[in-house]
Structure formats: C-alpha cells, structure tokens
Amino acid sequence: MNFYVYILASARNGTLYIGVTRDLIKRIYQHKYEAGPGFTKKYAVNQLVHFEVFDDAINAITREKQLKNWRRSWKLQLIEKTNPYWLDLYPTII
C-alpha cells in the first residue's frame with residue numbers, strides 16, 4: 001500500500017499545509033468538503049498543489065517532517081518545479 005505526502009495551498013503563493021496519508025483521494029476530499037474546525041478550514045487551504053508517493057509509512061513521515069522544516073521559499077520552489085501554474089491536482093487523481 002502506498003503512502004502520500006501532500007501539500008495543499010489556499011491560492012498561488014498562499015497559505016500552505018503539509019500532510020501525510022494512506023488514502024490521498026479520501027483525505028483531499030475531506031479537506032475540500034468535510035473539513036471540521038481546524039487550520040485548513042480556517043484558512044481555506046484545500047487545493048492539492050503537490051504530492052509524493054512512498055512505499056512505506058516511515059519514509060513518508062520522514063519526508064513530511066523534512067518538508068515541514070524547510071524554508072517557505074524551498075517549498076514554493078518544489079511546488080513550482082512540478083506544478084508551475086499551481087493547478088489543483090485533485091481532479092487528476094480521482
């Protein structure tokens with residue numbers, strides 16, 4: 001089973017959220033449509049702008065922690081490297 005590290009954004013160069021999940025489609029759906037009170041709902045962070053696939057949880061969690069510790073400019077460069085127009089990638093995974 002795969003694990004995913006993902007980055008959500010509120011808009012281009014907007015607020016970012018980094019998470020890890022086993023079920024990317026379900027988790028992004030929850031952020032988009034079922035968000036309870038919390039960070040992503042408060043700041044409308046629901047556009048999937050980047051994700052990475054891992055074979056095991058340890059590597060995925062390690063990468064999530066690494067990205068969370070990165071400078072914002074590095075995160076923006078990572079997103080723009082694979083998604084230069086900041087498109088919402090959710091429709092491509094469903």
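The structure presented is a predicted model; accordingly, all values stated were derived computationally and were not measured.
Tyr43 OH: 12 or fewer foreign heavy atoms inside a 6.0 Å radius. Surrounding CD1 of Ile58 are at most 12 heavy atoms belonging to other residues, nucleotides or ligands under 6.0 Å away. Taking a 6.0 Å sphere around CZ of Arg22, one finds it holds 12 or fewer heavy atoms contributed by other residues, nucleotides or ligands. Open room surrounds CZ on Arg71; 12 or fewer heavy atoms of other groups in view lie less than 6.0 Å from it. For Lys65, the NZ atom sits in a loose shell: 12 or fewer heavy atoms of surrounding residues, nucleotides or ligands are nearer than 6.0 Å.
With a 4.5 Å cut-off on side-chain heavy atoms, Val5 and Phe54 count as touching. Put simply, the side chain of Leu89 reaches to within 4.5 Å of the side chain of Phe51, judged on heavy atoms.
Tyr4 and Ile61 end up in different hydrophobic clusters when Ile, Leu, Val, Met, Phe, Trp and Tyr side chains are linked at under 4.5 Å. Residues Trp70 and Tyr17 do not share a hydrophobic cluster, defined by chaining ILVMFWY side chains whose heavy atoms lie under 4.5 Å apart. One hydrophobic cluster, built from ILVMFWY side chains closer than 4.5 Å, holds both Ile28 and Ile94. Note on Leu8: it does not cluster hydrophobically with Leu76, by side-chain heavy-atom contacts below 4.5 Å among ILVMFWY residues. Residues Val20 and Val49 are members of one and the same hydrophobic cluster, defined by side-chain heavy-atom contacts under 4.5 angstrom among Ile, Leu, Val, Met, Phe, Trp and Tyr.
Glu80 has no carboxylate O lying under 4.0 Å from a charged side-chain N of Lys75, or vice versa, which leaves the two without a salt bridge.
Closest of all the heavy-atom pairs between Ile93 and Ile25 is O-CD1, 3.0 Å. Shortest non-hydrogen contact noted between Asn46 and Lys32 is O-NZ, 2.9 Å. The two residues Leu48 and Asp88 make their nearest non-hydrogen contact at N-OD1, 3.1 Å. Taking every heavy atom of both residues into account, Leu16 and Val45 meet most closely at C-CG1, 4.3 Å. The two atoms that bring Trp86 and Gln47 nearest to each other are O-OE1, 4.2 Å, heavy atoms only.
Taking the ring centroids of His31 and Tyr6, they lie under the 6.0 Å cut-off.
The aromatic rings of Tyr33 and Tyr29 are tilted relative to each other, their planes meeting at an angle between 30° and 60°.
Atom-to-atom distance recorded for Leu78:CG and Glu52:CD is 6.0 Å, nearest 0.5 angstrom. Atom OG1 of Thr82 is separated from atom CG of Leu87 by 10.5 Å, given to the nearest 0.5 angstrom. Of the inter-residue distances, the one linking Gln30 atom CD with Thr21 atom OG1 reads 7.5 Å to the nearest 0.5 angstrom.
Using a distance-only test at 3.5 Å, with no hydrogens or angles considered, a donor-acceptor pair links the side chain of Ser10 to the main chain of Thr15.
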